[in-house]
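The shown structure was predicted, so the numbers you read here are calculated from the model rather than taken from an experiment. Lettering follows sequence order; numbering is per chain, from 1.
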Amino acid sequence: MSEHYLLQMKNVTKSYYGTTVLKDINLDLKAGEIHAIVGENGAGKSTLMNILFGMPVIHSTGGYQGEILIEGQPAQITSPQQAMSSGIGMVHQEFMLIPNYSITENIKLNRETLKHSFLSRFFGRNLKTLDFKSMHADARKALDTLDIGIEEYTRVAGLPVGYMQFTEIAREIDKTNIKVLVFDEPTAVLAESEAANLLAAMKKLAARGIAILFITHRLDEVMEIADNITVLRDGRLVATRPKEATSVYELAELMVGRKVEKMTRRTDQVSSGNIVLSIKDLSVRMPGEVVSGLNLEVRRGEILGIGGLAGQGKVGVANGIMGLYPSSGTVLVNGEKLPLNNPRESIKRGLAFLSEDRRGVGLLLDSSIEMNIVISSLQNQGRFIRRFGPFSQLNSKEIRGYALKMIKELDIRCTGPTQIVRRLSGGNQQKVCIARALTLNPDILFVSEPTRGIDVGAKRLVLETLVRLNEQGMTIIMTSSELAELRSVCDRIAIVTGGTVAGILSPDDSDVNFGLLMAGQKAGKELSA
Amino acid sequence: MLKRSLVVLMVMVLLASLAAGCGKQAAPTPQQPEKPKEEWKIGIMSSTVTQNEEEFRKAAEMQQKYGADRILHTTYPDKFMQEQETTITNMLEMASTPGVKAIVMVQAVPGAVAAVDKVRELFPDILFILGSPQEDPNVIAKKGDIVLNTDDLGRGYQIAEHAKAMGAETLVHYSFPRHMSIEFLAKRRALMKERAEQLGIRFVDEDAPDPTSDAGVPGTQQFIMEDVPRKIAQYGKNTAVFGTNCAMQEPLIRQAVANGGIFPVQCCPSPYHALPAALAISVPADKKGNVPWMLEQIKEKVAQAGATGRVATWPVPVNMMFIEAGVEYAIAWINGETNGRNDKAKLKQIMEKIAGGAVNLTEYTGTDNYYLYLSDHYIF
Amino acid sequence: MKADTGLETSRKVQIDYWQSVSGFLTNNMVTIMFVALSMAGLYISGMNSTLYINDIISRVSRNSFLVLSLIIPVIAGMGLNFSIVLGAMAAQAAVIFVTHWGVAGFPGILLCVALATPMAMALGYLTGKLFNKTKGQEMISGLIMGFFFAGIYWFIFLQLVGGIIPMDNEVLVLSSGVGIRTTVDLTGGLKYGLDHLYRLPLTTVMIIAGCLGIAYQVYRFVKAAGDSFRNIRFIFGFACMVAVIVWALMIRASGSMVSNIRVPVATWLAIAGLCLFITFFLKTKLGHDMRTVGQDRHVAAVAGIPVDRIRIIAIMMSMVLASWGHIIFLQNMGAFSTYGSHESIGIYAVAAILIGGASVTRATIGQALLGVFLFHTLFIVAPSAGRQLFGDAQVGEYFRVFVAFGVIGVTLAMHAWKRRLQSKLPAVAKAEKE
Amino acid sequence: MNIIRNAVHGFGVARLTILGFFLLLCIMAVPLKLDVAELISSSLVRILMWGVLVLAMWPSISCGTGPNFGLSLGIICGLLGGIIAMELELNGFVNLFASIAFAAPFAILVGWGYGWLLNRVKGAEMMLAMFVGWSAVSLMKIGWLMLPFHNPEMAWPQGRGLRVTVSLVNRDMAQLLNQFLSFKLGNIIVPTGLLLFFLVCCLAVWLFMRSKTGVAMTAAGDNPRFAEAAGINVDRHRIIGTILSTVLGAVGILVYAQSFGFYQLYEGPMYMPQQAVAAILIGGASIRKASLANVIIGVILFQGILVVAMPVFNIFTQDMASMAEISRVIIQNGIILYALTQVRGE
């Protein structure tokens with residue numbers, strides 16, 4: 001034992017119902033170290049973290065093999081409580097927050113400071129009352145450590161995601177014995193500037209001697225802050241490298257298992273197509289993404305990117321035009337006025353939409369893949385259906401054939417066209433969404449956050465597909481929080497700030513220009529506070 | 001905050017409007033004064049037609065006879081089991097009408113005891129006549145001034161003998177737990193069984209789903225529809241079927257007649273009870289409420305089905321008689337024509353007048369105001 | 001140009017005014033509808049108001065405790081607890097035994113409580129276990145649980161009592177020696193054991209309440225001096241309280257029947273005690289954990305709260321409270337039907353709390369009490385209103401049931417509608433919350 | 001081995017338990033000397049007469065309004081249609097089809113209004129449906145008393161209004177479908193007409209669910225936000241589902257009544273929806289998703305157990321008064337509770 005490790009995992013193996021999902025994982029973690037774990041979706045990162053955190057799902061399915069040592073002592077972690085008392089904290093990918101509680105209540109969740117009450121003297125601890133004064137003080141302290149200026153008694157519901165994330169972190173650092181802190185894809189939901197804030201906070205925590213396990217897809221972030229990097233693929237540990245000894249390209253290669261080249265920009269620039277979509281004074285009442293008085297023109301055959309910080313309204317544009325949220329203003333499609341607030345009309349005019357809320361709006365989770373692919377076209381264009389006078393019946397044969405074709409074309413990994421969509425991975429679900437949008441044969445395709453929550457391989461395929469469609473003549477309007485992604489495929493990029501277009505840039509414009517437009521107004525101030 | 005004060009304000013307005021009404025009420029001070037004898041009123045509480053048509057019609061008839069200013073008519077809820085509080089409220093409201101001297105309640109369903117108690121707290125002088133009680137006899141006898149019921153204890157023996165007389169070799173008794181917790185019905189069953197066995201009749205005890213349980217009325221009726229043919233197939237044509245619940249009667253009669261069994265009598269004997277519906281008797285407008293005509297019709301239908309001599313009932317609709325007797329007795333009591341609140345002789349005299357013949361009236365053991373009425377059967 | 005702006009602002013003010021009025025209407029439309037309906041009903045029925053007040057007082061004191069027992073499971077995210085029927089069964093079992101032993105009055109009530117509590121806890125534990133296995137379907141499970149235990153209750157009291165469980169009591173047991181009779185009469189025993197412990201005339205209670213209210217208002221006023229909005233509220237509250245006292249004195253002076261109405265103070269104190277307890281309980285660690293579990297089971301589990309245990313405790317508390325509530329109900333009714341009194345408890349309590357504005361996920365004490373008041377007002381007024389309207393006793397009865405259920409349906413519809421309207425009027429909704 | 005396990009898993013442990021219980025009851029009937037053929041015939045009739053009513057739950061669950069606790073509305077419409085046909089003194093099949101024809105417009109109208117109401121209360125449909133159903137039953141009680149029907153077959157013996165039970169015997173309606181082309185298979189009587197009618201209804205609904213509208217409706221029920229985005233008018237399709245459910249309720253009660261031999265007015269429709277809901281839930285449906293298999297399995301298990309359980313229990317407990325019904329209540333509800341605890345595990 002040359003070095004003193006805070007946490008060690010030795011030959012950890014886990015299988016569900018006979019399928020091995022993790023095999024012989026070894027991991028060493030020192031105090032103050034930031035250790036990144038990267039891997040595609042399904043590589044076993046989440047399972048590993050669930051084991052470490054003693055989640056019930058592990059133990060109700062037969063536990064795990066191997067050994068976990070904490071400060072050199074073997075530990076059997078069988079419940080989250082036990083993990084917490086062993087000094088392991090976790091910042092979950094899905095926020096473990098209660099929206100109707102204040103930040104304080106969330107930070108002190110199940111660790112409330114108590115004081116005696118009239119009844120507690122008879123009935124024990126459970127009837128002690130909460131001591132809000134000292135709870136607020138603790139919460140303040142934790143927030144201050146992270147340099148967050150928000151009031152501790154604010155209700156969590158309605159806060160920007162960034163603050164929610166910090167609330168989670170504050171909760172972990174408020175724990176007195178915290179030694180290891182696990183971040184499960186913390187930046188997936190954050191806008192870029194928020195993510196930068198988060199990374200800074202992580203560094204600060206590491207400097208205080210807390211060991212950090214950092215799970216992510218974003219390799220550039222890894223390179224920015226991690227000390228050591230472990231790559232998982234298909235449940236196996238592929239490599240552990242110190243940061244200095246590796247590069248983004250190598251990591252990507254290790255993760256995907258095949259050579260990855262940088263996304264090629266398209267060459268056939270569309271500079272002067274006619275205006276296919278003209279948006280005038282558009283306002284959309286989408287909670288959290290309000291658009292107010294936005295003007296924008298889209299040329300035929302281009303890929304237009306819409307970027308901007310979270311909450312500034314970029315997501316609202318597509319949602320408003322597609323009639324999903326109440327909107328007002330004038331939208332001309334090919335010079336014709338589009339009736340707003342009517343999804344059917346939008347689809348009829350040749351618009352299609354890949355929603356950012358895949359599971360909520362994008363899919364019929366409990367229906368088959370084939371039904372998900374054809375339903376929009378079936379309902380709006382009358383395809384895949386046989387008519388008998390006033391009656392109609394599904395054309396099962398045509399649907400099956402078409403679905404098989406799309407599955408093959410888009411490489412949707414599934415057991416067959418009748419599989420239920422809920423059982424697919426995020427990337428494959430996204431492909432099903434794309435297949436459905438394509439089935440509509442749209443002139444204009446709106447794409448919102450097409451790569452969110454998708455692993456690198458699938459991400460690339462999605463973007464490639466978009467480019468290919470564009471080359472076939474489809475106009476694409478792509479909204480994304482990842483500027484790099486926009487810059488890699490778009491012809492022009494509109495930055496939306498405060499519900500309107502702050503400016504339109506070319507993808508080759510300098511970072512400074514993008515930065516200025518995005519942070520143009522008070523947003524920058526707020527976030528750095 | 002504003003909202004809450006406004007809600008308070010609204011409730012206050014409601015209460016204030018009550019207070020206004022209260023002032024109005026206070027002026028005439030109606031409850032106490034001993035005005036001339038003319039001021040009497042009698043309240044009748046009956047079922048709706050959903051539960052039983054007879055009582056409701058009779059009550060309406062009594063109201064017609066004496067005028068709506070004399071007779072108040074109200075009903076207890078169809079779901080009396082669930083809504084005992086409504087029974088109480090309706091009873092209290094009737095009792096608090098100025099001038100009400102007596103209340104007749106037929107049937108005295110669960111909730112009657114509590115209702116009578118609540119009324120007695122405020123108006124201790126009201127005369128209560130309760131018919132066909134479903135509450136426990138010992139309890140209800142303490143609450144009412146006069147309680148009238150069919151002699152279910154006597155009927156235990158009577159039905160067994162009567163079935164024998166109609167040629168029965170087997171007697172099937174359909175009931176369910178809730179009814180078997182009613183003293184009279186449980187005892188009647190025991191007596192019926194005892195007598196049947198003495199007479200050499202096989203006694204079969206069958207449970208049916210409780211119509212107030214999760215199976216509902218359809219569940220009960222459907223079970224009877226299916227089970228009666230089974231029983232007749234098993235024990236032969238000379239099987240008599242008897243059920244304790246009103247909802248059972250229609251399928252019982254229909255299946256007994258259709259399969260050649262014997263139907264000795266209904267739970268609540270009356271030519272109107274279940275027979276017209278089960279036998280699909282059309283009632284033209286001019287024949288409504290005509291008992292002899294109805295008996296004739298039933299006889300005809302029974303004969304058509306080839307079941308002559310195998311269906312029977314009581315010739316007098318019992319619950320109707322209880323209502324009429326209750327009202328007449330109450331009038332007699334108000335006019336001072338009775339010997340105290342409980343006068344058996346007067347009651348018997350009134351009932352004989354209604355029935356048009358001798359009436360067999362006995363007291364339930366241990367009480368002096370719980371009267372049991374037994375009639376002979378009318379065999380079609 | 002100037003004129004234009006002036007017009008603009010005045011229109012804006014008007015809109016704001018209109019929005020706040022319509023916001024108020026949407027927020028309280030259920031209450032408003034009910035009050036209007038009740039007033040119309042009172043007017044139509046021409047009902048004696050003494051009778052109404054008397055009846056509403058006894059119904060409110062009978063039912064409030066039961067309805068309040070529904071709050072805790074709602075907070076713990078388990079929906080409306082239809083299984084309080086089991087608590088009612090425990091209460092009835094206790095009452096039957098206490099009546100058998102002949103313990104009367106208040107000591108009898110205490111004995112009932114002592115007996116019913118462990119039974120209710122055991123039943124609550126079982127129900128809680130079941131609910132943990134049927135998460136998300138607690139309400140339907142609760143209903144079926146009620147049916148299931150009705151069978152067991154029948155089995156015990158119809159087949160075992162008198163046989164395996166010895167009970168020698170002619171009054172209670174059927175003459176065959178096995179099984180409890182259909183009616184249990186509490187007269188001379190437990191009847192009014194709590195209600196008559198301490199009673200005061202309504203007017204006295206009003207005066208006392210008014211004085212206490214004034215004292216409270218003054219206390220609040222002194223504590224928050226200076227705020228102008230507080231001033232208005234203080235004056236409003238003060239005026240209300242004075243109005244109550246003056247009104248009480250007027251009733252006394254008028255010699256109306258209303259002054260004869262007496263209030264079961266002991267029962268009301270018990271209800272008030274429960275309200276205080278619930279308020280306090282929600283501030284305790286256990287209560288806070290329940291709220292957490294109710295908000296999000298998963299988050300609670302991750303935070304290390306023993307979710308299943310908390311849920312079981314919530315149901316057990318609800319069950320015990322329901323059994324106490326049912327004891328209060330029974331001692332006021334004075335007689336009950338052995339095999340039927342428990343049946344309707346669940347549905348009517350749930351209906352009452354829903355009308356008060358509660359939902360499956362949110363319930364407060366105020367909603368429970370308001371609900372009891374409104375629900376029973378409707379039930380008192382509707383029969384005679386129906387009779388007066390149609391001049392036919394049974395049509396009146398049918399009409400009552402139609403209105404009662406219809407109103408509950410409409411209430412639910414309006415609550416849902418309200419939620420939609422509020423989400424469309426975000427500004428007003430936000431203002432209302434503050 | 002795996003195939004069996006998958007089959008078991010697919011069918012659901014809960015349903016297997018209930019099925020096992022049902023079979024156990026049937027097997028027990030043999031040594032108890034019950035007439036098994038007769039029991040099966042009764043079960044067949046009972047299952048088929050309830051079939052359409054349970055089928056009515058399918059569209060309502062699929063369109064997203066949850067199990068139709070307000071089926072009473074459809075039932076009332078059916079009864080109204082039946083009563084009108086009675087008033088016209090129609091006989092036999094003419095009466096049956098005329099009843100359906102008369103009931104349909106009412107059912108469509110009522111279903112439309114009811115669907116409109118349900119659209120106002122998204123998320124609280126079931127509670128609302130229950131109370132609306134009860135309320136409508138009470139309203140119709142007034143209707144049965146007041147409506148101007150004059151046929152003496154249906155009149156009260158003593159006063160105004162319609163009887164609680166209106167017999168269909170005189171109109172050649174009783175067991176009309178049951179006896180149509182019925183034949184004996186061994187000792188089992190097969191109610192061919194009833195069977196055919198039920199199958200035709202199933203087929204019709206199945207075809208509808210596969211039509212463009214049906215697909216849209218299912219999507220609207222499965223994920224309303226998705227449906228909205230896919231250009232489907234969610235509210236309209238929820239109304240269509242509700243109308244279909246109401247119409248099926250109306251047809252269902254007519255089928256039920258012809259087998260039963262009576263129209264049950266007044267309280268009759270009150271608790272029927274609960275039983276239909278229980279049946280489809282036992283068949284494996286959830287409040288969000290249902291299929292034809294759920295309908296058929298559910299009605300067979302639920303009604304089958306009801307038919308077979310009572311005679312078996314009655315023999316078992318002959319010496320203990322009322323023990324049979326107590327056992328039925330405990331066992332039947334116990335099984336449903338057990339099934340509920342298993343739903344999650346699937």
Side-chain angles (χ1 to χ4, degrees), chain C residues 80 129-141 143-156 158-159 163 176 178-179 347 350-351 354 359-361 386 390 392 394-417 419-420, chain D residues 67 70 117-146 159-161 266-267 270 274 277-278 281 286-287 317 320-323 325-345:
Chain C
L80 298 162
K129 277 271 182 198
L130 179 89
F131 283 2
N132 279 339
K133 292 202 166 172
T134 58
K135 282 178 191 140
Q137 310 193 54
E138 287 93 350
M139 292 207 268
I140 184 100
S141 305
L143 267 177
I144 306 265
M145 195 77 178
F147 290 141
F148 176 72
F149 263 90
I152 294 189
Y153 179 87
W154 279 344
F155 179 64
I156 292 172
L158 206 52
Q159 300 285 348
S176 63
V178 177
I347 292 212
V350 166
L354 285 177
S359 71
V360 178
T361 50
F390 291 94
D392 181 327
Q394 64 180 348
V395 176
E397 161 64 17
Y398 294 156
F399 181 72
R400 176 187 72 87
V401 182
F402 163 61
V403 168
F405 287 140
V407 158
I408 294 172
V410 170
T411 308
L412 291 173
M414 285 171 93
H415 279 307
W417 187 37
R419 245 170 276 136
R420 283 178 125 197
Chain D
L117 189 65
L118 287 180
N119 279 341
R120 317 280 105 201
V121 296
K122 284 180 190 150
E125 292 99 344
M126 285 191 279
M127 254 330 172
L128 177 93
M130 208 140 100
F131 286 112
V132 167
W134 287 349
S135 178
V137 169
S138 300
L139 183 65
M140 255 342 262
K141 284 184 189 169
I142 302 179
W144 303 130
L145 277 179
M146 303 287 209
R160 186 178 54 158
Y266 299 90
E267 295 269 283
M270 196 100 170
Q274 268 91 321
V277 171
L281 289 182
S286 72
I287 54 170
T317 58
M320 290 173 78
S322 347
M323 207 39 222
E325 163 71 356
I326 292 176
S327 322
R328 180 193 69 81
V329 168
I330 293 177
I331 293 175
Q332 184 186 315
N333 289 304
I335 296 252
I336 297 177
L337 277 184
Y338 177 74
L340 280 171
T341 62
Q342 295 304 308
V343 173
R344 288 264 134 179

**Request:** Specify which of V350(C), V395(C), N132(C) makes the most heavy-atom pairs with chain D at under 4.5 Å.
**Result:** V395(C)
**Prompt:** So F155(C) and M323(D), side chain to side chain contact (heavy atoms under 4.5 Å, CB included) or not? Walk me through it.
**Reply:** CA-CA 8 Å; F155(C) 179 64; M323(D) 207 39 222; 3.3 Å; yes
**Asked** What are the two closest non-hydrogen atoms of V329(D) and F147(C), and how far apart are they?
**Response** CG1-O, 3.4 Å
**Request:** Looking only at non-hydrogen atoms, find the nearest pair between A351(C) and F131(D) and report the distance.
**Result:** CB-CZ, 4.5 Å
**Message:** Is Q394(C) close to chain D through its backbone or its side chain, or both, or neither, when contacts mean heavy atoms under 4.5 Å?
**Reply:** side chain
**For chain C, the option from K141(D), M130(D), M140(D), E325(D) that forms the most heavy-atom pairs under 4.5 Å** = K141(D)
**Value rounded to 0.5 Å, distance of CD1 in I330(D) from CZ in F149(C)** = 9.5 Å
**Message:** Looking at every non-hydrogen atom in both residues, tell me the closest pair between Y398(C) and S138(D) and how far apart they are.
**Reply:** O-CB, 3.6 Å
**Under 4.5 Å from any heavy atom of chain C - which part of L139(D)** = both
